[in-house]
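Below: the structure, in structure tokens.
Order of the sequence lines sets the chain letters (A, B, ...), proteins ahead of strands, with each chain counted from 1. If you're wondering where the values come from, they're calculated on a predicted model, not measured in any experiment.
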Amino acid sequence: GAVVSQHPSRVICKSGTSVKIECRSLDFQATTMFWYRQFPKKSLMLMATSNEGSKATYEQGVEKDKFLINHASLTLSTLTVTSAHPEDSSFYICSARDIGNRGTDTQYFGPGTRLTVL
Amino acid sequence: AQSVTQPDIHITVSEGASLELRCNYSYGATPYLFWYVQSPGQGLQLLLKYFSGDTLVQGIKGFEAEFKRSQSSFNLRKPSVHWSDAAEYFCAVAPDTGRRALTFGSGTRLQVQP
């Protein structure tokens, strides 16, 4: 299957600082990527849809100014958590939508980023 | 809007026993259906997916799932469980149009006893 990477895999930061997380599709181009948040022992909650070359689409209740998304190329989306606070600590997972020549339409997930805000 | 229900939060099976994880969905048309597996601290790996055609879908690691429209179900099965199958399993649904954002079930944690 297709490969999606995330960097960093783990980050610890101080309250009030900003953290950037990168999501890359390594062997396919993705016009659409998604960002999810997963709380301990919980399911994944969709935060936003990242669209290459246009503004992200945020789910209800997700603060646009806090979670900045940029999709500058067909293989890279970034999520920046601005002015992070302890309640932002979570596991953030991205996925990339592969429409591709294989006739499939599947999301492939990155390994996730564990964010801890002190 | 679509929704997914995984009624079993936690299942324990013995190694070598068969497994069935339940998934029910709610969607107005025929959705795209997926099963993902997540090992501790890891991202999600796609086990199998259903878009159309044969309602019995074969996936990786010996898993299969059957789409039953009449029951709005997409249950995951494996004839003989291995200790390495212990993980969290998520059923997900996506609409057949638009951006295809996934809606996940709450997950089923599988424990495998020796």
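- Neither the backbone nor the side chain of A/Q6 comes within contact range of chain B, judged by heavy atoms closer than 4.5 Å.
- Only the side chain of B/L46 comes within contact range of chain A, with heavy atoms under 4.5 Å apart.
- A/Y36 and A/F109 have their aromatic ring centers within a separation under 6.0 angstrom.
- Proximity to chain A (any heavy atom under 4.5 Å) is shown, for B/E88, by neither the backbone nor the side chain.
- Looking at A/C13 and A/L115, their side chains come closer than 4.5 Å, going by heavy atoms from C-beta outward.
- Taking the charged nitrogens against the carboxylate oxygens, B/R22 and B/E20 have no contact shorter than 4.0 Å, which rules out a salt bridge.
- Put simply, of A/L46, A/T32, A/T49, the one with the most heavy-atom pairs under 4.5 Å next to chain B is A/T49.
- Contact annotation for A/L44: both backbone and side-chain heavy atoms come within less than 4.5 Å of a heavy atom of chain B.
- A cation-pi contact links B/K78 to B/F63, judged by a cut-off of 6.0 Å to the six-membered ring centre and 45° from its axis.
- Among residues at least two apart or in separate chains, ring-ring contact (aromatic ring centres under 6.0 Å, His included) pairs with a member in residues 5-33 of chain B are B/Y32-B/F51.
- The contact between B/F90 and chain A is made entirely by side chain atoms (from C-beta outward), counting heavy-atom distances below 4.5 Å.
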